[in-house]
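Quick caveat: nothing in here was measured; it's all calculated off a predicted structure. The analysis underlying the following values was restricted to heavy atoms, covering all of them including side chains, and did not include hydrogens, waters or symmetry mates.
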Amino acid sequence: MQRRAWLTLGAVVVGGAGVVTYAVASPVSGPAADGPRTKRPVDVRDMALSAAGSGSGTRKAARLARTDTEEFSLLGVSWTGAATGLHGTAQVRTRAAATGEWTGWRTLDVSPLPVDAGEPSEPGAGPARGASEPLWVGPSDGVEARVVAADGSSTAGLPKGLEVSLVDPGVTTAELRNKVGAATGMSNAAFNAAFVAESESPSPAVAPTPLASTVERPPIVSRARWGADESTVAGSPEYIDRISTVFVHHTAGTNAYSCAQSPALIRAIMAYDVQTAGRGDLGQNVLVDKCGRIFEGRAGGTDLSVRGDHTYGFNGDSVGIAVLGDFEGTTSTAAGRPTRAAVESVARLAAWKLGQYGGDPTGKVTLTASEDTGVYAEDEQATLNVISGGKNAATTTSPGKNLYSRLTEVRRYAASPARDSAIPTADYTGDGVSDLVAATPKTGSGWITLVPGGVNAPVSASKLRLNQASPGVPGAAESGDQWGAATAWGDINGDGYADLAIGAPGEDDSTGHKDRGAVTILYGPKFDTDADTMALGDDYNPNSARFGSTVAVGDFNSDGRADVFTAATGTGGNWAARFDNGHEVAGDLTTATGSLAYADATTGDFNRDGYADVALNYRDASGVGKIVWFRGSRSLGLTKVSTLTVKGGRSIAAGDMNGDGYDDIAVGQPYTSESGATAGGQVTMVLGSSTGFTATGTKTIHQATSGVEGAAEAGDAFGTSVSVGDFNADGYADVLTGAPNEDITRDGTNRSNAGAVWLLKGTSSGLTGTGSLSLSQDSPNVPGATETDDKFGSAVSLTDLTGDGYADLTIGTEGEDTGNGTLLWVPVQNGTVTTTKSTYYGLTQLGTSTGARLGQVLTP
């Protein structure tokens with residue numbers, strides 16, 4: 001494949017091999033102007049293995065000595081003749097391009113093959129080769145390989161033509177944001193335009209008419225968007241009569257990838273399948289990454305019955321769905337477990353495809369094997385679950401024991417109303433990584449700053465700052481609007497990009513009603529062109545209503561598009577929910593008169609019925625904290641159900657903290673006066689159940705709880721902010737909470753209101769203080785130092801901003817630098833909070849205003 005010239009931006013030292021350059025996809029010549037950028041193409045390089053002693057006694061091996069290479073990210077071993085099995089062990093070592101460090105030996109997965117495997121099965125495909133499963137290793141520039149025969153004493157038992165195939169997945173336009181941000185010279189609007197322009201795959205010339213499904217179609221990233229090289233595809237798509245079965249697989253290899261790298265990983269797998277293994281195209285029909293993003297696999301149309309090459313003997317009756325990752329390993333490590341997001345997206349896909357043919361996700365079907373699969377002989381009848389694992393039908397370990405054990409949940413979810421629901425997302429750029437909103441509502445009319453997530457860290461160079469004077473944003477920027485006082489992400493229009501709901505409780509209307517309030521909805525990815533406004537209904541008193549004091553986004557009626565909930569805290573507080581089809585429901589929060597305060601709302605499926613619910617926290621006019629449960633449903637959308645016996649506080653967040661499948665809530669209760677909290681404040685966990693919230697299992701964590709650092713002192717305000725996420729990817733949601741009024745003494749001097757945060761772990765029994773972690777600006781390896789009135793922990797976010805599957809810590813410090821405010825991002829790497837790589841984002845990085853108190857509002 002012809003290689004292109006690229007602008008070299010830097011160099012790294014790798015081992016003893018000297019200096020190698022690395023490049024980003026930016027042309028050598030041409031102005032840095034808005035517009036599409038040329039892509040670095042996919043490249044496959046093959047290196048032959050030769051017979052040699054392995055250096056371990058009499059054992060012999062086919063080897064490739066340590067070799068410097070051009071950059072690659074995926075590799076595998078292949079050999080002549082696909083029907084020839086590899087009776088031995090294939091192992092590789094690679095050198096990371098960024099650090100120059102070599103990995104240990106890693107064994108490649110070589111699954112047993114059925115007897116008839118390897119015969120060309122696709123028109124136009126090249127000679128099929130035997131091949132290991134591909135292994136994603138990330139950007140690397142050195143390789144070493146060995147293949148040892150089963151008896152270890154000779155290479156005579158190894159197949160001929162052994163090669164190591166190295167795949168460079170290239171770079172697409174859409175991936176440039178995470179590589180170099182604004183340094184490419186492309187504006188945010190130009191990047192977004194590029195994403196949209198790449199959103200469609202070419203249609204096949206001859207294809208059957210798509211069948212309507214009884215289930216909503218989930219958003220799917222097309223082959224054009226993830227960068228498929230259509231010039232390498234052999235032949236034309238084939239179509240089968242009907243889809244009777246869904247086979248679930250995994251891609252094996254590794255789980256150590258960022259979701260921002262998913263397109264590159266799929267491009268590399270495609271190149272390996274086609275150019276190394278000799279397939280005509282990707283074998284799988286659809287792929288899912290650990291963040292729940294869905295990708296078109298084999299060409300021919302996702303809404304059609306494309307014949308895949310995924311499950312020997314049954315490709316003519318089925319669709320193949322593969323999850324990116326390896327789920328055969330031990331569940332004692334997070335890497336071996338499929339994520340909830342991936343499991344639910346597999347279920348959505350399965351339900352949608354089966355809905356085209358009247359299939360029952362929980363049923364069984366009898367099929368006839370078209371060839372010997374190693375499990376069934378040719379023409380043998382096979383009775384299978386309609387949703388099955390690949391190993392149910394053929395000789396393979398796919399989808400790995402840990403994903404296989406979740407197929408019961410896949411079937412349940414696929415048969416529930418949740419199958420139609422919008423996929424939760426905070427990714428407005430469409431690059432696979434959640435994006436952060438930092439609002440400064442008290443600066444002028446109010447501002448929001450959008451910071452895209454990135455493979456290595458949030459990308460401040462690609463920030464986007466908006467107020468009501470920005471192009472495409474409705475309304476006018478008027479002092480006191482408090483635009484951004486509340487924000488929430490979700491896919492409101494169902495296009496796969498996150499949209500943003502923004503509350504402005506200080507908005508005046510055009511007829512003289514002060515602080516009537518409003519909610520703005522901006523639609524990603526092109527915020528400068530798509531927007532909507534949600535206003536207080538005419539049935540409610542508009543005077544000082546403060547509509548938009550809190551917002552939450554979730555699919556309350558499971559129609560495939562997220563809906564918006566908001567509350568007004570003015571006299572006679574009320575709530576409202578807006579749905580995609582234009583209708584709204586609304587009602588009173590309380591029959592009592594008087595203003596409410598500290599409204600905060602969160603969404604989750606608390607009774608596991610398939611519809612998103614809302615839990616609303618507020619303080620009533622008498623000064624008592626309340627929590628109200630609103631239940632979602634197909635017909636009514638959202639209805640007020642009950643007020644919990646647990647008191648409200650100042651913050652609330654949702655997630656499954658005990659891993660039972662029901663979402664729970666964590667309520668931050670910083671003050672005794674409104675919630676009866678322990679002196680110093682507390683966080684209370686309330687569990688969800690089949691009947692909604694239950695008092696059973698309720699737990700309260702504070703600074704006097706065993707395992708929690710510090711002392712419960714009046715005024716600490718522990719629980720002022722809470723956020724829920726899974727920092728160690730163990731399947732139990734954890735809680736990050738802030739105590740911005742915590743006093744810290746250093747060098748004999750008390751620094752009042754310096755602030756601190758605590759990371760509390762979720763377990764099978766729910767939230768616990770055991771193993772908790774406390775951080776302040778005086779903690780080891782945390783940059784900076786505590787100062788009076790910093791208010792570290794004024795806002796918190798426990799969200800994965802790198803796409804690696806581990807939630808990171810983002811901590812607001814609104815009083816830093818005499819009220820300028822700042823954010824501290826603390827990455828979590830492989831489940832470990834890594835303070836040594838913490839980064840501050842303040843005025844310099846985000847362009848916020850002096851005195852803006854950055855760190856007041858963070859979303860998600």
Nearest 0.5 Å please: distance from the [atom1] atom of [X] over to the [atom2] atom of [Y].
| X | Y | atom1 | atom2 | value |
| --- | --- | --- | --- | --- |
| Thr94 | Arg66 | OG1 | CZ | 10.5 Å |
| Asp427 | Cys259 | CG | SG | 9.5 Å |
| Glu133 | Ile269 | CD | CD1 | 9.0 Å |
| Asp141 | Asp168 | CG | CG | 11.5 Å |
| Asn402 | Glu328 | CG | CD | 7.5 Å |
| Gln284 | His310 | CD | NE2 | 6.5 Å |

Any non-hydrogen side-chain atom of [X] less than 4.5 Å from a side-chain atom of [Y]?
| X | Y | result |
| --- | --- | --- |
| Pro827 | Tyr806 | no |
| Asn315 | Asp309 | yes |
| Val286 | Trp352 | no |
| Leu86 | Pro159 | yes |
| Phe327 | Arg406 | no |
| Trp79 | Val110 | yes |
| Pro399 | Phe247 | no |
| Leu74 | Tyr272 | yes |

Next on the checklist: Could you walk me through whether Leu436 and Thr799 satisfy the side-chain contact (heavy atoms from CB on, under 4.5 Å) test, starting with their C-alpha distance in whole Å, then the side-chain angles of each, then the deciding distance to 0.1 Å, before giving a yes or no?
Outcome noted: CA-CA 9 Å; Leu436 184 70; Thr799 303; over 6 Å; no
Determine whether a donor-acceptor pair (N or O, by modelled atom type, separation under 3.5 Å) exists between the side chain of [X] and the backbone of [Y].
| X | Y | answer |
| --- | --- | --- |
| Arg267 | Pro169 | yes |
| Arg93 | Thr103 | yes |
| Lys353 | Leu304 | yes |
| Arg225 | Gly430 | yes |
| Asn285 | Gly320 | yes |
| Thr80 | Arg129 | no |
| Asp281 | Val233 | no |
| Asp431 | Ala260 | no |
| Asp273 | Arg279 | no |
| Ser305 | Ile240 | yes |

Write down the atom of [X], the atom of [Y], and the distance for their closest heavy-atom approach.
| X | Y | value |
| --- | --- | --- |
| Lys401 | Lys391 | CA-NZ, 4.4 Å |
| Gly292 | Ile423 | O-CD1, 4.0 Å |
| Met270 | Trp226 | SD-CH2, 3.7 Å |
| Lys290 | Asn255 | NZ-O, 2.8 Å |
| Gly76 | Ser132 | CA-OG, 3.6 Å |
| Gly731 | Asp726 | N-OD2, 2.9 Å |

Item to check | Side-chain ion pair, Arg337 and Asp730, N-O less than 4.0 Å | outcome: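 Judged by the 4.0 Å cut-off on N to carboxylate O distance, Arg337 and Asp730 do not form a salt bridge.
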Test [X] against every option in [options] by the side-chain contact (heavy atoms from CB on, under 4.5 Å) rule and name the one that passes.
| X | options | answer |
| --- | --- | --- |
| Leu166 | Asp43, Thr69, Val137, Asp46 | Thr69 |
| Leu287 | Leu349, Ile294, Leu324 | Leu324 |
| Glu296 | Thr302, Val306, Leu282 | Thr302 |

Item to check | Trace of the side-chain contact (heavy atoms from CB on, under 4.5 Å) decision for Arg63 with Leu49 | outcome: CA-CA 5 Å; Arg63 291 183 60 88; Leu49 279 70; 5.9 Å; no
Next on the checklist: Under the criterion side chain to side chain donor-acceptor pair (under 3.5 Å), I'd like the reasoning laid out for Asp326 against Thr254: C-alpha separation, chi angles, the key distance, then a yes or no.
Outcome noted: CA-CA 5 Å; Asp326 190 333; Thr254 184; over 6 Å; no
Checklist entry - Does the side chain of Thr311 pick up a donor-acceptor pair with the side chain of His249 at under 3.5 Å? => result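 Side chains of Thr311 and His249: pair found under 3.5 Å.
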Next on the checklist: side-chain contact (heavy atoms from CB on, under 4.5 Å), that's the test. Do Thr67 and Met47 meet it? Break it down for me.
Outcome noted: CA-CA 10 Å; Thr67 304; Met47 294 182 166; 4.1 Å; yes
Item to check | Worked check of side-chain contact (heavy atoms from CB on, under 4.5 Å) between Thr425 and Arg293 | outcome: CA-CA 9 Å; Thr425 179; Arg293 276 202 305 171; over 6 Å; no
Checklist entry - How far apart are the C-alpha atoms of Thr832 and Asn830, what are their side-chain angles, what is the distance that settles it, and do they pass the side chain to side chain donor-acceptor pair (under 3.5 Å) test? => result CA-CA 6 Å; Thr832 300; Asn830 296 318; over 6 Å; no
Next on the checklist: Go through it in stages, so that I can follow the logic: the residues are Asp68 and Arg95, the test is salt bridge (charged side-chain N to carboxylate O under 4.0 Å, His left out), and I'd like the CA-CA distance, side-chain angles, deciding distance and then a yes or no.
Outcome noted: CA-CA 9 Å; Asp68 296 348; Arg95 183 178 61 198; 3.0 Å; yes
